[in-house]
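Excluded from the calculations below are hydrogen atoms, water molecules and symmetry mates; all remaining heavy atoms, backbone and side chain alike, are included.
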Protein chains: 2
Amino acid sequence: METQVKISSELERNCARLNCSEGVAGIRDALYVLNGKWKLPLIFTLSGGPMRFKDIQRSIGDITPKVLSKELKELELNEFIVRNIYSTTPVTVTYQLTPYSQSLDKVLLELKDWGTKHRQRIVASRKSKL
Amino acid sequence: METQVKISSELERNCARLNCSEGVAGIRDALYVLNGKWKLPLIFTLSGGPMRFKDIQRSIGDITPKVLSKELKELELNEFIVRNIYSTTPVTVTYQLTPYSQSLDKVLLELKDWGTKHRQRIVASRKSKL
DNA sequence: GATACCGGTATCCTTTAGGATAGTAGTATC
DNA sequence: GATACTACTATCCTAAAGGATACCGGTATC
């Protein structure tokens, strides 16, 4: 007895329509700049508005300052965020999304939705095993 | 002179609406299973239909058999793909997306679109610098 | 004067990802 | 009998990711 496995029809059509290898290239290009554990979570976090270094760290929870610093620099290089320095005393630094990072809105939204549902699925399947 | 940077309004509303920290958790859950350089490209590649090991390798181009084997196992564990063995001579093995992996359609589509546009942007900005 | 907060750096370390290369058992093909 | 294909595995290695811990200069606060 073999389970019949259907194939994603939307993607299949899409793939036939616009050359699949091109599609893979797009995905790989995206992953190239968005790689790692932190970039997308950071962009998502900053979508609530500009934040200061320590606030970002607290908001994410378990990122060390070294890693956060490195990630922020890379995001700045790729023009996803801007670093603002205010000459208050003491100096205030905020990180803010650029307009370009808005182009990631849909990706973030879909990923967040999927991740949320995936978690529910995992939790449910874990319960059903008890 | 300071550039005024606007903040993603869609995400901002969304964030206010459904609790941002939850959103980050969703994204981090998603990345937890979809991490690395190969998982999403592999799922995307398989969306064209079941494929054999060597065919996948050829299609992706620069993945070594060791890495491919490891990635496929992880995708199988997470129920994104199924491994089919046919007792032909010689044995034929195909890898096929499960129905669950369809839930990633939108994520893949958005990511592909974004990546494609991002590449165009990079190419354009490189040209303008010459 | 001691302590605490901010925005990070510096140093060290472990783990993982991922690549290079070679090889294997089985079959088929010339 | 040599070669080639399939579906991998084994071994070795490097580079990068990421974490732990400590620290720094400056300021403010108690």
Side-chain angles (χ1 to χ4, degrees), chain A residues 24-25 27-46 49-78 80-97, chain B residues 24-25 27-46 49-78 80-97:
Chain A
V24 179
I27 289 191
R28 291 185 67 179
D29 288 338
L31 293 178
Y32 185 73
V33 279
L34 300 173
N35 57 25
K37 191 175 171 180
W38 299 114
K39 297 216 173 51
L40 288 172
L42 278 172
I43 294 175
F44 189 88
T45 298
L46 284 172
M51 289 175 80
R52 302 168 65 177
F53 191 90
K54 280 283 178 186
D55 290 333
I56 299 172
Q57 202 186 341
R58 265 189 288 266
S59 173
I60 295 270
D62 51 353
I63 191 170
T64 65
K66 183 195 114 178
V67 174
L68 178 54
S69 172
K70 187 194 127 219
E71 296 291 321
L72 289 172
K73 275 173 191 160
E74 290 179 20
L75 288 175
E76 206 187 345
L77 262 179
N78 284 307
F80 292 122
I81 63 172
V82 170
R83 187 173 180 264
N84 307 304
I85 308 171
Y86 301 101
S87 49
T88 52
T89 52
V91 166
T92 305
V93 180
T94 67
Y95 295 88
Q96 190 172 27
L97 294 185
Chain B
V24 180
I27 289 191
R28 293 185 66 179
D29 288 338
L31 293 178
Y32 185 72
V33 279
L34 300 174
N35 58 22
K37 192 176 171 179
W38 299 114
K39 297 215 174 52
L40 288 173
L42 278 173
I43 294 175
F44 190 88
T45 297
L46 284 171
M51 290 175 81
R52 301 168 65 176
F53 191 89
K54 281 280 178 187
D55 291 332
I56 300 173
Q57 204 187 341
R58 266 188 288 266
S59 172
I60 295 269
D62 51 353
I63 190 170
T64 64
K66 184 196 114 180
V67 173
L68 178 54
S69 172
K70 188 194 126 217
E71 297 291 322
L72 288 173
K73 275 173 191 161
E74 289 178 21
L75 288 175
E76 205 186 346
L77 261 178
N78 284 306
F80 292 120
I81 63 172
V82 171
R83 187 174 181 262
N84 307 304
I85 309 171
Y86 302 102
S87 49
T88 52
T89 53
V91 166
T92 305
V93 180
T94 67
Y95 296 88
Q96 189 172 27
L97 294 186

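A side chain to side chain donor-acceptor pair (under 3.5 Å) with B:Glu71 is found for one member of B:Lys66, B:Lys39, B:Lys37 and no other, namely B:Lys39. Shown are B:Arg52, B:Gln57, B:Arg58; of these, the side chain to side chain donor-acceptor pair (under 3.5 Å) with B:Asp55 is made only by B:Arg58.
Whole-Å rounding puts the B:Gln57 CD to D:dT9 P distance at 13 Å. Atom CE of B:Met51 is separated from atom P of D:dT6 by 13 Å (rounded to the nearest Å). One can place CD1 of A:Ile85 at 16 Å from P of D:dG26, the figure rounded to the nearest angstrom. Following rounding to the nearest Å, B:Tyr86 (OH) and D:dT6 (P) show an atom-to-atom distance of 17 Å. The NZ atom of A:Lys54 sits 8 Å away from the C1' atom of C:dG8 (whole-angstrom rounding). Rounded to whole Å, atom P of D:dA7 lies 11 Å from atom CG of B:Leu68. Rounded to an integer number of Å, the gap from CG of A:Leu75 to C1' of D:dA17 is 15 Å. Whole-Å rounding puts the A:Glu76 CD to C:dG8 P distance at 10 Å.
Near-neighbour residues of DNA chain D inside residues 30-41 of chain B, defined by a heavy atom below 4.0 Å, are absent.
In terms of heavy atoms, B:Ile43 sits closest to B:Leu97 at O-CD1, 3.7 Å.
A distance of 11.5 Å separates CG in B:Leu72 from CG in B:Leu77, rounded to the nearest 0.5 Å. If you take CZ on B:Phe44 and CD1 on A:Ile27, they are separated by 5.0 Å, rounding to the nearest 0.5 Å. Atom CG of A:Asn78 is separated from atom NZ of A:Lys73 by 14.5 Å, given to the nearest 0.5 angstrom.
Nearest-nucleotide positions on DNA chain C place A:Thr92 closer to the 5' end than the other of B:Glu71 and A:Thr92. Each of A:Thr89 and A:Glu74 has a nearest nucleotide on DNA chain D; the 5'-most of these lies closest to A:Glu74.
Using a 4.0 Å cut-off, some side-chain N or O of A:Tyr95 falls inside it from OP1 or OP2 of C:dG8. Phosphate contact (OP1/OP2 of C:dC6, side-chain N/O of A:Arg58, threshold under 4.0 Å): present.
Taking only side-chain atoms of B:Arg52, from C-beta outward, the nucleotide of C:dG8, D:dG18, D:dA7 with the closest atom is D:dA7. Listed nucleotides: D:dG19, C:dC6, C:dG18. Nearest to the side chain of A:Thr64: D:dG19.
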Legend entry - Per-nucleotide protein contact string for nucleotides 9-14 of chain C, where B marks a base within reach and S marks sugar-phosphate only (heavy atoms under 4.0 Å, - for neither): BBBB--
Legend entry - Intermediate values then yes/no, side-chain contact (heavy atoms from CB on, under 4.5 Å), B:Tyr95 and B:Thr45: CA-CA 11 Å; B:Tyr95 296 88; B:Thr45 297; over 6 Å; no
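Counting only heavy atoms from C-beta outward, the side chains of B:Leu42 and B:Leu68 approach each other to under 4.5 Å. B:Ile60 has its side chain within reach of B:Trp38: a pair of non-hydrogen atoms, C-beta onward, lies under 4.5 Å apart.
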